[in-house]
Number of protein chains: 2
Amino acid sequence: MAVRLTDVANEAGVSLATASRVLNGSARKPAVEISDKVRAAAEKLGYFPNAQAQALARSTTKLIGLVVRDIADPYFSTIARGVQRSLGDSGVQLLLASTEYDPEREIEAVQAFMSQRTDAIILSGSRSLGENGQLLKLIENYQENGGQVMIIGQPMTDMGGIQIDNEATAEHLAAELISAGHRRFVVLAGEANLLTSRDRSNGFLEKLKRSGLDAEEVISGPFSREGAYVAMSDYLKRQKSAGGVHRVCVFCVSDVMALGAIRAIRENRLRIPEDIAVVGFDDIPTLIDITPTVSTARLPLEEIGKWAGEMALNHGELRKIVVSGVPVLRESTQLADGQ
Amino acid sequence: MAVRLTDVANEAGVSLATASRVLNGSARKPAVEISDKVRAAAEKLGYFPNAQAQALARSTTKLIGLVVRDIADPYFSTIARGVQRSLGDSGVQLLLASTEYDPEREIEAVQAFMSQRTDAIILSGSRSLGENGQLLKLIENYQENGGQVMIIGQPMTDMGGIQIDNEATAEHLAAELISAGHRRFVVLAGEANLLTSRDRSNGFLEKLKRSGLDAEEVISGPFSREGAYVAMSDYLKRQKSAGGVHRVCVFCVSDVMALGAIRAIRENRLRIPEDIAVVGFDDIPTLIDITPTVSTARLPLEEIGKWAGEMALNHGELRKIVVSGVPVLRESTQLADGQ
DNA sequence: ACTATCGTGGAAAGCGCATTCCCATTCTAT
DNA sequence: ATAGAATGGGAATGCGCTTTCCACGATAGT
């Protein structure tokens, strides 16, 4: 159906080999007049190389796969943008898969990428790999066949990636809040079996303990806006029926959760930060438009994506990066003087 | 390097053809005992079909391409999520390209997808195609070779897609605002050569005119948060130096622009909606967390993506869909009684 | 002037798989 | 019991391209 290289070669009156050499960067450069003829023929016929055939012949696909939990979540879409940008003019194409928070789909995604023979796979927002034998086995298989695996956010031993020091960052964040004057904390801890949320809440709690403080409550629930909304609503209801909401600082293990919590607080007609302070984690771009401005621990999300992409491109260079977040206190945790 | 079908066939002691038939849905089903043997061998060896080779042999790739302007923009990421969801278990993979608002990159993206022989291409946030000869020619070429093209938001004659009735929706929105009591309007019109922003501002202005009103000002600028921020800041500065800001309703041709405008308004210490009312377009999910809640025209973004994906899958079914937005007035355009 | 070397284009062999024939069985019908 | 039709497995071809490997003419070296 489409124009093949053979057609171009015929049109130009040269051999297939020659046509291939001029159109697709080969080490051997045919004479300039021949090259021009071939290029003219290609142009005239509207030739586009068949990437599948090239991949088969070259045994490299120039494809990388990115798996996220939800592409509409600002956390992931910001990372995705970073990955995209890192690709630049490299000619590498991005295959995207959304797992919708389902480990099963994550495995399917990796399998699909393996079938596509992607040169690299970037895994973001994965569950704890250690607990997922099947995924781990897949990945090992992939690596044995020369695939590059980049994990974002998980501390893995034998593969590259961007490690996020959630625990230390959370500690640091707690420290800042304490020195800003906060003493009573509630933690919306997300899912216990998600490494990310576990590290964040642990780090935070750890720091509290070392400062002689203790969280009033640690509430688990889905690692999502909705989960936080429900958890916070529950909490407020309980407080109210127990005599009233007293002032606390609510640490949410992600900004998206913080947004859910904020909504619950608003619906209860409480003010932020006067009645309840809120702090998140990640510093997603969305925060910029929230009032009051919300405190968080800033992670360079787009850079993280970019680094991951670059590492995927440079096949083997730059194996590991550890990033820490930096606490950013804004209005949502502001204490009026003297309180 | 990787395990090939041949290896599986040898391991199972059958021919290549047989192995192919059992592992990849063929019309001919080998005997059950043979099938089991083959499957066992595949399992044991960790076989994954080479999608490139399959694509070459079948001459269909099970790949679709999605091009967006910026994957981190909620408008596009919501559409992308819809597309993703529509794919479901079809086994079709998504190739993603971001143009970064650069027509050049859009062309490159389409070329790349053509090379990948994607079965379909979904174009969202494209510029006016009529004005872009090169892109149009590419697309025609693609279609002649059996490619499916889906345009989101552009009224194209000879290809499928989701058409958004921006003009009528904007008129409708204007009508609602007028009947809510608004009389003085400013329009942040985005880029004049972008069909989407042109239709939206034209529709809005048209309705004003038919109601005997006229916009105080129509300000063009980049179709982005930043552009709107600058435009709005400028406007406010001019107003202030001309004696003070009087009350208007600012229509922004997209929600993202509305967010930029809101920021500018806030920085000028003006209140929304008391001093200035703001209304956007799209109803991106992000709006849910903004205070005050912002008025807009709701577009079913995720559904749009889903429909586009479904149309891309059903190769030829369901050619065209026209969607209109529905006005949603919220706090940002609320008029106090008696004003 | 004659051989050794280099530079260049073409022929052909795969890359991993689907699929079309082809042939050997087994089954059905008479 | 036998011709004919099914049934099911295997050999071989081709998808579009890259990349050896060859052959041939031009150039350089002595």
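Just so you know, these numbers come straight off a predicted model, no measurement behind them. Lettering of chains follows the sequences in order, A, B, ..., and the numbering in each one begins at 1.
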Polar atoms only, N or O, under 3.5 Å: list the protein pairs with nucleotides 24-26 of chain C and their distances.
none

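Taking the nucleotide of DNA chain D with the nearest heavy atom to each of B:Gly13 and B:Leu56, the more 5' of the two is matched to B:Gly13.
Formation of a donor-acceptor pair under 3.5 Å by the B:Ser115 side chain with backbone atoms of A:Pro49 is found in this model. At least one donor-acceptor pair under 3.5 Å links the side chain of A:Ser197 to the backbone N or O of A:Glu191.
Put simply, CD on B:Glu33 is 12 Å from C1' on D:dG9, counting in whole angstrom units. Residue B:Arg117 contributes atom CZ, which lies 21 Å from atom P of C:dC17 at whole-angstrom precision. Rounded to an integer number of Å, the gap from B:Arg4 CZ to C:dC15 P is 7 Å. Atom P of nucleotide C:dA18 and atom NZ of B:Lys62 are separated by 12 Å, given to the nearest angstrom. Following rounding to the nearest Å, A:Asn50 (CG) and C:dC17 (C1') show an atom-to-atom distance of 14 Å. Taking atom CG of residue B:Asp7 and atom P of nucleotide C:dG16, one finds them 9 Å apart after rounding to whole Å. Regarding A:Asp36, its CG atom lies at a distance of 12 Å from the P atom of C:dG9, rounded to whole Å.
Between its two ends, the helix from C:dA1-D:dT30 to C:dT26-D:dA5 turns its axis by 40°, counting five pairs per end and rounding to 10 degrees.
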Please determine whether side chain to side chain contact (heavy atoms under 4.5 Å, CB included) holds for the pair A:Phe48 and B:Leu138, giving the CA-CA distance in whole Å, both sets of side-chain angles, and the decisive distance to 0.1 Å. CA-CA 11 Å; A:Phe48 282 91; B:Leu138 271 183; 3.4 Å; yes
Report the C-alpha distance between B:Thr118 and B:Tyr142 in whole Å, list the side-chain angles of each, state the deciding distance to 0.1 Å, and finish with yes or no for side chain to side chain donor-acceptor pair (under 3.5 Å). CA-CA 10 Å; B:Thr118 54; B:Tyr142 182 66; 3.0 Å; yes
Working for side chain to side chain contact (heavy atoms under 4.5 Å, CB included), residues A:Leu23 and A:Arg39: CA-CA 7 Å; A:Leu23 292 179; A:Arg39 261 187 287 268; 4.0 Å; yes
Verdict with supporting geometry, A:Phe113 and A:Val67, side chain to side chain contact (heavy atoms under 4.5 Å, CB included): CA-CA 10 Å; A:Phe113 289 168; A:Val67 8; 3.9 Å; yes
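Within 6.0 Å of NZ in A:Lys29 there are more than 12 heavy atoms belonging to other residues, nucleotides or ligands.
Within the model, atoms CG of A:Asn141 and CD of A:Gln111 stand 10.0 Å from one another, a figure rounded to the nearest 0.5 Å.
If you run side chain to side chain contact (heavy atoms under 4.5 Å, CB included) between A:Val8 and each of A:Val38, A:Val22, A:Leu16, A:Val14, only A:Val38 comes through.
Contacts of B:Ala55 with the nucleic acid, taken as non-hydrogen atoms under 4.0 Å apart, are absent.
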Heavy atoms under 4.0 Å is the rule here; annotate nucleotides 18-24 of chain D 5' to 3' with B where the base is hit, S where only the sugar-phosphate is, and - elsewhere. BBBB---
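With salt bridges taken as basic N to acidic carboxylate O contacts below 4.0 Å, none links A:Lys62 and A:Asp119. Taking a cutoff of 4.0 Å between a charged side-chain nitrogen and a carboxylate oxygen, A:Arg85 and B:Glu100 qualify as a salt bridge.
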